[in-house]
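One structure below.
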Amino acid sequence: MELDLTIMDADYVIEDGEVKIRAFSKTVEGENVIVEDRSLQPYFYAVPREETGTLREQIKEEELTDDDGEELEVRNIEKKIRKDGLEEKEVLKIETEIPANVPKLRYAVSKLEHTDECREFDIPFYKRFLIDRGIRPGETVKVKGEQIDGELDRTIILEEVKESEKEKPEFSMLAFDLEVIDGEIVMASMYGEGLEKVLSTAEVDKDYVEAFEGEKELLKRFQEIIEDRDTDIVTGYNTDEFDFKKLRERFQAHGMTLSLGRNGDRVKFDRRGRFSSARLKGRMHLDLYPFITHVLAPGLDSETLDLDSVAEEMLGENKNDVSFEMMQQWWEDQENLEEFAEYNLKDSELAFRLAKELVPQIMELSRITGLIPFDACRLTYGQLTENFLLREAFNREMMAPNRPTRNQRRRRSNQGAYEGGFVYTPDSGLYTDVSVFDFRSLYPTVMVAHNISPEVLDLDGCEDRFVMEEFDFYFCQDEQGFFPELIEGLVESRYELKSKMKELDEDSMKYEQIYSRQQAQKILANSFYGYLGYDGARWYSKESAQATTALGRKYIEDTIEVAEEMGFEVVYGDTDSVFIRGEDVEDRKEDFLDRVNKLLPEFMELEFEGYFETGFFTSKASGEGAKKKYALMDREGGLKITGFEQVRRDWSQVAKDTQKEVLRLVLQDRISEAAEAVKDTIQGLKDQEVPVEDLTIHTTLTKPPEEYGSTAPHVEAVKKASKRGVSIEPETTVNYVITRGGGSISERAELVRFAEDYDPDYYIDNQVVPAATRVLKVFGYTEGQLKGKGKQSGLGRFG
DNA sequence: CTTGACCGGGG
DNA sequence: GTGTACGGTCAAG
C-alpha cells in the first residue's frame, strides 16, 4: 500500500537479534502510523592503508572480537568510492547486525595493520536511517510498503520512499507546568486547543480546577489527558530538567511508571552531556528552554531567559510578579489558592503561546537539517550545522571527517584564539542623528565571495589561488567549495522565499510556514563560520574561520573609509555595522550605499539599518570609550540598549530600574534630571520607601551550605535561616536582602521572609550608584556626587 | 593575565 | 547506546 505521511520521531528496536527502525508518523488525515525499516543495516567505512583487497582479506581471516572476547559479526563488506574532501578514495563499507556493535567492530577493524582509519562509526542509527533514506521529518513523503499487524492505527514495512505532493498534517499540541511544594506535585496545569485545566490536590474555587484526593490520583489523570487527546506535541518550559524529572520521581514514589509514549512506552531519559532530556516515543516532546538558549538567545534583548522575560519580549505579555516564596506561603496557609491556580495556568498558557510561535521554526529547522524535532529543539548551533553537513555530505557521496578526540579538541582550543571582528572605539558621550548601516549576512557572503572552505585550503595543483597577505595559506578558486556551495544554496533559496512572502497575506498559514523556513535558512547560513572555528567540529578549519573574520574586518574598514571620504563622522562600528552621525546622512544614504556596494565583490551587500535620534556611548574606567556598550533611541522614543550588563538576576530590581531610567533621560539630553532621578532613588532608599521585591537579590544555592568553602551572602542567609528551623535545599534560588546592623555584607544577608529592615547604604553604594555611574560618569558625575556629597559645579556640559 | 569554579531554567 | 557534548562570567591564584 502507499501512504502520504510525515515522520515526527524515529528510533530502533532489536527483535530476535535483528534491528528494525520504527518511524512514528502521521498521515495528512491524522492517522498514526509506524513505518518499520527492516532492511537498513548499521555500517561504517574503513579506509585501507594500501588498497581495499588486502584489507578485505584481513577482515575475513582475522577473528574480530570486542573487549570481552565476544566475536563480532561482519554481515557484509562492500567496496565503495567515496570522496574525502576533493579526493576520491576506494573504501570498504562494513555492515554489522546491530547498531551497538558498530563502535566495537570499528575498534577491532581500526587495529588491523591494513586499516588506515575508520569513518562514520558514531552516527546514531535513527539519524543514519533518516539520512540514508532521504527522509526529512516535517516534510511529507509517500511511503510504499506492506501493512502488518502492529501498534497504533497502522504499521507498515517500508519498501520505498518517494516524494509527496501532499500538505503536512496538523499536529495537536499541549503545554503543561507543575507546581511543586516540599517535593510534591500539588498542581499541574495543561493548556491547549480547547483545553484549560489545572489539576490540584486541594479544592480550589475555579471552574478549570479538577481536585484530587492525593498526588497519585492527580498523576494518573495527567497521564490520561495526554493519552486521551492523542497529543502530538508536548511542550513546556525547562520540562527536560525539571518537570519530567519530577514526574518520573513522583510516579516512582507511588509505585507507578511514567509512560507517555504513543504506544505506551515509558518516558526515556536521554543523557546528552550536561543535560538529560525526556523522550516520549511517537510524540514530540519539545522543551522550549533549550531551543531558546541555543538558537534564539543571540537575537533576544532579554538578558535572562526565564519564561517571564522571554514571554514579555516575544509576546508582549506582562510580567507575572508572584514570588516563589509567596506561593509557598499561600500553599502552606491554604489561602489564595485561586490565585495560585491562576498563576499555574498562566505559565502553561505562556508556554503554549510561545510554542505557537516557535514550533513552526523548530519544524523547519528539523526539515532542513533532517533531524527529528526532538533533536532540532535541543541541539546547539554547532550540532545543528553538523547534522545538516552530514546529510549534504551523504548526498554528495562524501565521507564525513571524524569527530575530534578529547585531546584534539584540547589542542584546537589551546592553539585556538584568532582575531575576531573589527570594533571601532567610540568617543563616549551623547550623539544626535545616528544612522546605522550593516552588512547583509557578512560572514556567509564573505565565504561565498572568496570560496572559503576547508577542502580547498592549500589544495595541491591549484591554479587560481586566493592569498591574503597576513596568512601563509590560500584558498583554491578553481572549483566552488562545499561550504560556499551550501551557503549559496541557502541564501538563494531564502531570496526566493522572501519574494514569495511579499505576495502572501501575512496572517496566512502559508506565510507563517515560509517565514519560518527562510528564518531556518538564515540561522543555518549564519552558523557555518562559527562552526568552522568550533573545536568540536568534524569539519574544523581554523584557517577558514580566521580568513573569514580577516576579510570581514577588511570590508568594514573599507566602508569606514568611504564614509570618511564622503565627509561623514563615523561614531562606532562593530563587526558588520557602522554608526554614522550627521543630519544629512539619511538623505545621502543611497549615494553612500552605492559607493560601498560597488567596491564589494558580488554577493556582498551593505544595507541601511535605521536612523536614531540619539545615541549614547559610555566609557571604560580609563576614560576611553567602551566597546559594545551603548544605547540608542529611535524617533518613536523606543530604546535599544546593548551591553549594559547589570540586567542580571544577581542585581536588585531597584538598581536595574534606575539604570534604565538614567539611560532614558540621558538619551533625551536630560542629564541633570537623570542625576536627580538617582538622587530620588537614593532618598527613597534612605526613607525605607522601596518595596522589598525591588531589593531582593536572587542567587542559586547549588550545594548544602556547609560545603561552601568561601562565604557568600546567599549562603550565610541560608545558614541563619536553618538556625531558625527553615531548611533550604540545594538547587533552590535564594532570595535575600541585605539588612542593617554590624559586620560584613554576608553577615547581614537575610532571606526575604526574615528580613525586618534593609540597609539603605548597601543598596545605595553597591547597587544603585555603581549601575547609574556606569552611565553618568561620562557627564562628569562621580559616585560621591550622585550620593550628594560633592559639589555640582560645571556638571552636565560634557559629551 | 590565566585558571578554575560556578551558573543557567524550573519550584 | 553508532554515549558522556556549552559558553560566559567572576573570583582566586
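Letters go in sequence order (proteins before strands), and every chain restarts at 1.
At a threshold of 4.0 angstrom between heavy atoms, the contacts of A/R378 with the nucleic acid are absent. Residue A/F44 is classed as having no contact, given no heavy-atom separation below 4.0 Å to the nucleic acid. Heavy atoms of A/Q328 sit nowhere under 4.0 angstrom from any nucleic acid atom. Nucleic acid contact for A/P99: base, since at least one base atom lies under 4.0 Å from a heavy atom of the residue. Note on A/I123: a base of the nucleic acid sits closer than 4.0 angstrom, heavy atoms only.
Within the structure, a side-chain polar atom (N or O) of A/R406 is placed less than 4.0 Å from OP1 or OP2 of C/dA5. Within the structure, a side-chain polar atom (N or O) of A/R403 is placed less than 4.0 Å from OP1 or OP2 of C/dT4. Contact between the side-chain N/O atoms of A/K104 and the OP1/OP2 oxygens of C/dG1 is not found at any separation under 4.0 Å. Distances shown here put a side-chain N or O of A/Y12 below 4.0 Å from the OP1 or OP2 atom of C/dT2.
Here the rule is side chain to side chain contact (heavy atoms under 4.5 Å, CB included) with A/Y237, and of A/D308, A/L350, A/L288 only A/L288 fits it.
Taking a cutoff of 4.0 Å between a charged side-chain nitrogen and a carboxylate oxygen, A/R378 and A/D240 qualify as a salt bridge. With salt bridges taken as basic N to acidic carboxylate O contacts below 4.0 Å, one links A/E241 and A/K245. Electrostatic pairing of A/E317 and A/K346 counts as a salt bridge here, judged by a charged N lying under 4.0 Å from a carboxylate O. Ionic pairing of A/D84 and A/R119 is present here: one or more N-O contacts between side-chain nitrogen and carboxylate oxygen are shorter than 4.0 angstrom.
A straight line from CG of A/D375 to P of C/dG1 spans 11 Å, rounded to a whole angstrom. Computed from coordinates, the A/R538 CZ to C/dT2 P distance equals 13 Å when rounded to whole Å. Atom C1' of nucleotide B/dG11 and atom OH of A/Y343 are separated by 8 Å, given to the nearest angstrom. In this structure, A/D240 places its CG atom 14 Å from C1' of B/dG8, rounding to the nearest Å. Spacing between atom OH of A/Y531 and atom C1' of C/dA5 amounts to 13 Å, rounded to whole angstrom units. Here B/dT3 presents its C1' atom at 14 Å from CZ of A/R410, a figure rounded to the nearest Å. At whole-Å resolution of the value, CG in A/D122 and C1' in C/dA5 are 12 Å apart. B/dG11 atom P lies 18 Å from atom CD of A/Q329, rounded to whole Å.
The aromatic rings of A/F340 and A/W331 sit tilted, their planes meeting at an angle between 30° and 60°.
For the segment residues 176-191 of chain A, residues with any heavy atom less than 4.0 angstrom from an atom of DNA chain B are, sorted by number, A/D177, A/L178, A/E179, A/V180.
Distances from the side chain of A/D347 to the nucleotides B/dG9, B/dG11, C/dA5 place B/dG11 closest. When distances run from any side-chain atom of A/D270 to the nucleotides B/dG9, C/dG1, B/dG11, the shortest one goes to C/dG1. Nearest nucleotide to the side chain of A/F242, out of C/dT2, C/dT4, B/dG11: B/dG11. Candidate nucleotides B/dG9, C/dT2, C/dT4 were compared by shortest atom distance to the side chain of A/R271, and C/dT4 ranks first. Nearest nucleotide to the A/L307 side chain, out of C/dT2, B/dG9, B/dG10: B/dG10.
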Worksheet item: What do the steps show when you test A/K627 against A/D574 for salt bridge (charged side-chain N to carboxylate O under 4.0 Å, His left out), and what is the final call?
Response: CA-CA 8 Å; A/K627 295 171 175 180; A/D574 184 356; over 6 Å; no
Worksheet entry | Derivation and outcome, salt bridge (charged side-chain N to carboxylate O under 4.0 Å, His left out), residues A/E95 and A/R75 | CA-CA 5 Å; A/E95 289 184 358; A/R75 185 152 284 189; over 6 Å; no
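Between the side-chain ring of A/F324 and the base of B/dG11, a stacking contact exists by the 5.5 Å and 30° definition.
Of the two residues near DNA chain B, A/F275 and A/N344, the one whose nearest nucleotide lies more 5' is A/F275.
If you take atom P in B/dG9 and the same atom in C/dG8, they sit 15 Å apart, rounded to whole Å. One C1' atom belongs to C/dC6, the other to C/dT2, and the distance between them is 23 Å to the nearest Å.
In terms of the salt bridge (charged side-chain N to carboxylate O under 4.0 Å, His left out) criterion, residue partners of A/R128 (sequence neighbours excluded) are, by chain and number, A/E120, A/D132.
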